[in-house]
Amino acid sequence: MAKSNETLLKVRGLKIEGRSDETWNQIVNGVDIDLNKGEVLGLIGESGAGKSTVGLASMGFTRDGCRISDGSVEFDGIDLVGASAAVKRGLLGKRIAYVAQSAAASFNPAHKLIDQHSEGPTQHRVMSKAESEKDGMELYRKLRLPDPDNIGFRYPHQVSGGQLQRAMTAMAMACRPDLIIFDEPTTALDVTTQIEVLASIREIVEEYDTAAIYITHDLAVVAQMADKIKVLLKGDEVEEADTRTMLSDPQKDYTKSLWAVRSFQRPQKPHVATDATPVISVQNVTAAYGVVPVLHDVSFDIHQGRTVAVVGESGSGKSTTARCITGLLPPKQGHIEFDGKAMPLDYRKRSKDQLRQAQMIYQMADTALNPRKSIGEIIGRPVEFYMGLKGAEKRRRVDELLEQIELEPSQYYNRLPSELSGGQKQRIGIARALAAEPKFIICDEVTSALDQLVAEGILKLLAKLQDELKLSYMFITHDLATVRSIADEVVVMKDGEVVEQGPKNDMFQPPHHPYTDLLLSSVPEMDPDWLTNLLNERGVDNIGDAAVGKMS
Amino acid sequence: MGSILRIIAQRLALGLLTLLIVSIVIFVSVNALPGDFAQAILGQGATPEAVEAFREDLGLNRPFLERYFTWLWDAVRLDFGTAFSQAQFAEFAGGAAGTGLGTVAEMLGPRFSNTMFLAGVTAVIAVPLSLMIGVLAALFRNSIFDRAANITTLTSISSPEFFLAYVLILLLAVMNPLLPSLSVINNDMSFSEALKVTLLPALTLTLVVTAHMMRMTRAAIINLLASPYIEMARLKGVSPMRVIVKHALPNALAPIINVIALNLAYLITGVVVIEVVFVYPGIGQLFVDAVKNRDIPVVQACCLIFAAAYILLNLTADIMSIISNPRLRHPK
């Protein structure tokens with residue numbers, strides 16, 4: 001990549017305040033950015049680090065309830081902090097564009113893609129509507145969207161997530177801006193979809209020599225995309241260096257800890273005795289939502305003290321399998337055995353004791369905890385319901401559970417969920433599941449909404465609890481790094497069928513089923529050459545959804 | 001498109017079913033009203049034989065179910081029977097009851113078209129006006145304009161209707177004699193003449209219905225302003241007006257349409273006070289008179305028309321909300 005030395009964006013001492021509880025609190029404490037034309041800066045950090053806020057502020061934009069309190073943002077010689085709204089409107093979309101995290105939410109549901117695409121160019125009088133539409137189709141073709149001449153005439157809900165994310169990149173490109181802010185553009189996508197979007201973003205940014213700020217929490221992703229990386233922590237800059245230096249030789253402890261996250265790994269446990277009775281046995285389960293079939297003949301066993309990771313992309317039937325096991329969705333065919341005995345298919349027909357044995361932990365701890373109940377009530381409820389404990393006994397049991405999840409009982413008993421961090425809420429979710437004293441817990445994407453360091457803490461806690469209490473886990477995830485760290489056995493699902501299953505070590509060694517191979521190869525690695533090598537090795541038509549399409 | 005037609009057909013069928021149920025409710029409740037038309041007309045001194053003969057003449061002594069189905073079947077053919085009051089006069093005049101003179105349909109027809117005319121004129125003024133004020137209030141939210149619009153519309157909806165009417169009469173008919181204060185309307189008038197006499201009651205009703213529609217428009221739009229796609233539109237450099245009209249409004253239509261429908265239904269069914277103040281010959285006054293006189297066929301016909309208007313307008317609102325949703329208009 002040829003880089004000019006012309007500075008495009010210069011941010012100095014940027015301080016941003018956010019309004020909460022009637023007061024202004026500083027959330028970004030003086031960040032500097034220098035970006036040359038055609039350069040890509042990776043902005044990484046955990047949630048709350050201020051990445052998005054900084055990204056938007058470098059467009060001269062703050063969300064409602066935020067304000068730039070100090071510092072300067074200079075874009076190509078224009079001061080964006082002091083500029084009038086009209087001046088900023090003239091730049092936004094035309095010279096500075098934005099790609100949002102969720103394309104599905106950021107496209108207006110009421111208008112066709114192409115109309116939204118051509119809005120920027122026509123409003124900024126860069127192109128006529130017809131020209132812009134033609135150019136849009138050209139961009140769709142470059143971004144390898146299927147049927148580029150017609151896809152623009154669809155509404156957002158008629159297009160898949162990965163395609164929408166590429167259409168949004170095309171929309172950002174519509175006026176050929178000098179700078180694009182990518183705000184976590186692939187975080188909401190499946191790995192196999194992500195890789196295609198990454199490849200097309202990188203290609204088009206290079207082709208038009210666009211400068212970009214790439215915001216993400218995924219280090220492996222940023223390693224593929226950025227020329228240099230800046231690490232943020234709670235509104236402060238930790239360090240900045242070019243990508244290779246940053247990966248091979250991080251200076252600060254915090255950066256090193258981020259880099260080290262993926263090291264937690266449990267050893268493979270010995271094989272289960274062939275005559276052992278599984279705790280949960282899913283046998284030939286076929287299920288449907290109404291008339292739409294979702295699961296086809298799914299079978300697998302989960303043994304005592306083991307973790308079975310169920311992996312697959314969205315829509316592959318992972319969560320539906322969990323719903324069948326818990327009896328929320330009675331299967332059409334097949335049955336569920338618990339300790340060798342068939343359970344009623346419908347949860348309404350199960351006894352309290354049968355219900356107690358299978359508990360769930362959810363992905364979004366935020367929505368899974370009643371916001372109006374205190375922690376003590378949330379955990380106390382299943383203690384009373386299943387165990388029949390009351391009064392002081394109940395309190396003792398809740399304290400014990402809080403200690404198990406490593407939260408100080410006296411400090412947390414009376415708090416509300418809103419007074420906890422994301423990781424702590426997830427711990428409460430775990431304690432609530434443990435309160436029923438189950439043998440088996442379903443963990444549905446329990447770490448995917450958490451930052452990597454926090455997620456690792458949760459995984460370690462789950463591993464510790466498993467060893468202490470001989471728990472069995474069904475671990476639903478799409479993140480193969482999580483699988484590698486915690487699973488004993490792996491079940492790979494695709495389109496409602498089990499594609500492959502076996503012990504973890506076998507799954508990560510070839511030979512694989514072609515789909516497992518695709519999943520594994522799509523997970524970004526920390527090597528900055530990974531994407532380039534993969535594309536050279538496989539070709540653009542053999543990655544992502546294109547490759548999945550060839551399989552079926 | 002197939003699914004939309006199916007939904008519309010479904011709603012239509014449901015609407016008809018609702019109307020049928022309402023017809024039962026009307027018939028039962030009107031019959032349960034205390035007092036008896038025959039007794040009321042003939043007075044305290046009437047002999048039981050006279051009352052009985054009178055009842056027989058009007059068919060009041062037939063079994064309940066038979067009367068209901070006869071009435072329903074006639075109503076389906078838009079024959080609402082003969083008004084009791086008219087029937088009597090016809091008899092006194094020597095003619096037979098129900099020979100065509102003074103049927104309920106004939107009584108209601110012109111009144112109903114007057115009501116529809118008033119509602120129509122009001123809707124043509126009020127709906128675009130409230131949408132416009134609502135959009136502007138959302139655009140300049142929390143500004144002086146927004147507050148003034150809110151205060152004005154809330155004041156006008158909180159004031160009694162007759163008070164608003166008198167204020168307008170004072171301003172536009174007495175102090176500045178622009179419009180007539182009495183809205184006497186008849187079939188011989190040209191459209192512009194009719195419009196002129198209807199304008200004052202229409203303006204009064206506009207003041208009454210604007211607040212709801214304007215505030216719902218404002219709220220529905222502001223509700224959407226935090227959505228990611230609105231932020232995206234702003235970050236594309238789209239002007240604030242265009243953000244609201246082009247990006248927020250199309251997604252806010254469903255609740256707005258529903259409030260509009262409710263207010264239009266009110267214009268057809270609930271404007272008795274305004275009719276009285278302006279002596280406007282609408283259906284509301286007729287309805288009140290009929291209740292007072294125990295004129296059962298007229299009461300029933302009015303109720304049925306009101307119910308049909310409510311159901312039809314809400315049905316239209318439902319269908320328009322469905323059509324405004326691209327997910328339903330263009331399924332995957």
Side-chain angles (χ1 to χ4, degrees), chain A residues 52 55-56 59-65 85-113 115-126 153-160 164 168 171-172 174-175 177 180-181 183 188, chain B residues 1-4 6-7 131 135 138-143 146 217-257 319-332:
Chain A
S52 294
L56 287 170
M59 307 176 74
F61 183 89
T62 49
R63 291 202 166 119
D64 285 342
V87 169
K88 282 196 270 191
R89 266 207 303 283
L91 290 173
L92 289 178
K94 186 179 175 188
R95 297 196 60 199
I96 315 174
Y98 181 72
V99 175
Q101 172 168 3
S102 165
S106 295
F107 269 114
N108 192 324
H111 302 297
K112 291 176 187 153
L113 294 181
D115 291 336
Q116 303 192 46
H117 179 95
S118 59
E119 186 177 24
T122 50
Q123 287 295 300
H124 291 294
R125 299 180 205 288
V126 181
F153 295 95
R154 297 202 204 159
Y155 285 87
H157 70 272
Q158 297 171 306
V159 178
S160 77
L164 271 183
M168 176 158 285
M171 184 161 85
C175 294
I180 301 185
I181 315 291
D183 193 353
Chain B
M1 278 319 273
S3 67
I4 288 219
R6 206 173 55 238
I7 294 172
L131 281 178
V135 164
L139 180 60
F140 303 111
R141 57 195 169 284
N142 304 329
S143 70
D146 181 21
T217 307
R218 177 184 181 277
I221 288 176
I222 288 180
N223 205 10
L224 291 178
L225 291 184
S227 336
Y229 60 83
I230 297 293
E231 182 177 280
M232 190 72 219
R234 288 197 186 127
L235 290 172
K236 281 200 299 190
V238 175
S239 70
M241 188 65 177
R242 193 178 157 90
V243 166
I244 294 215
V245 174
K246 187 93 184 169
H247 289 273
L249 190 59
N251 294 294
L253 280 179
I256 298 174
I257 291 172
I319 291 169
M320 283 175 70
S321 310
I322 291 168
I323 292 173
S324 78
N325 183 343
R327 280 169 198 275
L328 291 166
R329 208 167 58 225
H330 305 275
K332 276 201 175 166

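Small disclaimer: the values here were computed from a predicted structure and weren't measured. Numbered from 1 within each chain, the chains take letters A, B, ... in sequence-line order.
- When the candidates A/Met168, A/Gln123, A/Arg89, A/His124 are compared by the number of heavy-atom contacts under 4.5 Å with chain B, A/Arg89 comes out ahead.
- To the nearest 0.5 angstrom, B/Lys236 atom NZ is 5.5 Å from A/Gln116 atom CD.
- Highest contact tally toward chain B, considering only A/Pro156, A/Ala110, A/Pro109, is held by A/Pro109 [criterion: heavy-atom pairs under 4.5 Å].
- In terms of heavy atoms, B/Leu235 sits closest to A/Leu92 at O-CB, 3.4 Å.
- You'll find the side chain of B/Met232 reaches within 4.5 Å of the side chain of A/Tyr98, heavy atoms only.
- Among A/Pro177, A/Gly93, A/Ala85, A/Ala174, the residue with the largest count of heavy-atom pairs under 4.5 Å with chain B is A/Gly93.
- In this structure, the portion of A/Arg63 lying under 4.5 Å from any heavy atom of chain B is its side chain and not its backbone.
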I'd like a table of donor-acceptor pairs (distance under 3.5 Å, sequence neighbours excluded) in which one partner is a side-chain atom from residues 238-246 of chain B, with atom names and distances.
{"residue": "B/Ser239", "atom": "OG", "partner": "B/Arg242", "partner atom": "N", "Å": "3.4"}
{"residue": "B/Arg242", "atom": "NE", "partner": "A/Glu119", "partner atom": "OE2", "Å": "2.8"}
{"residue": "B/Arg242", "atom": "NH2", "partner": "A/Glu119", "partner atom": "OE2", "Å": "3.3"}

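- The shortest heavy-atom contact between A/Ser106 and B/Pro228 is OG-CB, 3.5 Å.
- Heavy atoms of A/Leu56 lying under 4.5 Å from chain B belong exclusively to its side chain.
- Contact annotation for A/Ala105: both backbone and side-chain heavy atoms come within less than 4.5 Å of a heavy atom of chain B.
- Taking every heavy atom of both residues into account, B/Pro250 and A/His111 meet most closely at CG-NE2, 4.1 Å.
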